Amino acid sequence: MKLGLPDGITACLFDLDGVLTSTAVLHRRAWRRTFDDYLLPRGLPPFAESDYTRYVDGRPRYDGVRAFLASRGITLPEGTPDDPPDVDTVHGIGNRKNELIDAIIRQEGVTPYPGSVRYLEAAAGDFAIGVVTSSANATRVLAAAGLDKYVRALVDGVVISRDGLKGKPAPDSFLAGARMLGVPPARAAVFEDALAGVRAGRSGEFGHVVGVNRADQAEALRANGADVVVDDLAELL
């Protein structure tokens with residue numbers, strides 16, 4: 001066993017927000033503000049932390065909008081991907097959130113988790129490294145965090161949309177990352193903080209699934225398929 005991974009693992013596929021960088025906190029804030037801007041003027045209950053974990057975390061942006069609205073019994077027109085952010089369609093609300101997270105990242109910057117940086121440094125010599133994220137701004141986030149030099153393959157929201165991949169909890173995006181690295185799923189480890197992402201790693205039959213417990217949900221990560229749960233990647237060193 002090397003770096004906490006079983007023998008035979010040759011590649012690591014990392015989620016981005018919440019695993020490598022602390023941007024998951026920023027995404028959570030952006031989602032709350034986006035949905036509350038829609039809900040509160042209509043006298044509807046505000047977006048809750050449990051809503052983020054259950055319906056949004058780890059999913060592609062428009063899938064998150066659909067899932068959350070359905071949970072509240074709200075049906076909106078789909079619209080189109082180029083809908084402006086002030087239009088009340090699935091795509092308009094998703095674009096509103098993306099515009100907001102871009103502004104937050106510009107204002108506050110991106111901070112990688114120190115333990116994750118240490119893990120990437122240790123893994124870079126022996127493992128092929130890929131990032132699999134539903135975020136559409138992953139390239140900019142990786143560069144801002146100084147992590148792009150470690151990444152040999154990137155499957156992000158742009159690739160998911162371009163290639164028509166199903167988002168997490170479907171395993172498609174992780175399977176695409178493994179193909180980019182030229183390894184079968186059984187020889188790749190998945191690192192995820194979202195329940196949807198852990199389910200994707202398990203259903204894709206990856207060789208090892210690491211749950212990263214950033215939201216006090218260790219048992220839920222295990223229940224959804226994590227082989228091991230850590231609070232920080234440095235624990236695996």
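The structure displayed is predicted, hence computed values, not measured ones. Both backbone and side-chain heavy atoms feed into the values below; hydrogens, waters and symmetry mates do not.
D227 places a side-chain N or O within 3.5 Å of a backbone atom of V209 that can act as its donor or acceptor partner. Judged by distance alone, the side chain of E235 and the main-chain N or O of G115 form no donor-acceptor pair under 3.5 Å. Formation of a donor-acceptor pair under 3.5 Å by the S22 side chain with backbone atoms of T111 is found in this model. In terms of modelled atom types and a separation under 3.5 Å, the side chain of T89 and the main chain of P77 share no donor-acceptor contact.
A salt bridge is absent between K2 and D7: the closest approach of a Lys/Arg side-chain nitrogen to an acidic carboxylate oxygen does not fall below 4.0 angstrom. Ionic pairing of R118 and E121 is not present here: no N-O contact between side-chain nitrogen and carboxylate oxygen is shorter than 4.0 angstrom. Between R214 and D232, at least one side-chain nitrogen of the basic residue sits less than 4.0 Å from a carboxylate oxygen of the acidic one, meeting the salt-bridge criterion. Salt bridge R66/E78: present, at least one basic N to carboxylate O contact under 4.0 Å. Between R42 and D88 there is a salt bridge, since at least one side-chain N of the basic residue sits less than 4.0 Å from a carboxylate O of the acidic one. Under the 4.0 Å criterion applied to side-chain N and carboxylate O atoms, D63 and K166 are not assigned as salt-bridge partners.
The aromatic rings of F35 and F68 are tilted relative to each other, their planes meeting at an angle between 30° and 60°. The aromatic rings of F14 and F191 sit parallel to each other, their planes meeting at less than 30°, with 60° as the upper class boundary.
Figure legend: cation-pi geometry between R59 and Y55 absent, as NZ or CZ is not positioned both under 6.0 Å from the six-membered ring centre and within 45° of its axis.
For the pair L3 and L237, the minimum side-chain heavy-atom distance is below 4.5 Å.
For the side chain to side chain contact (heavy atoms under 4.5 Å, CB included) with H91, the lone residue among P85, P81, P84 that qualifies is P81.
Between the side chains of T23 and T21, at least one donor N or O lies within less than 3.5 Å of an accepting N or O.
Here CG of N137 is found 8.5 Å from CG of D156. Values are rounded to the nearest 0.5 Å.
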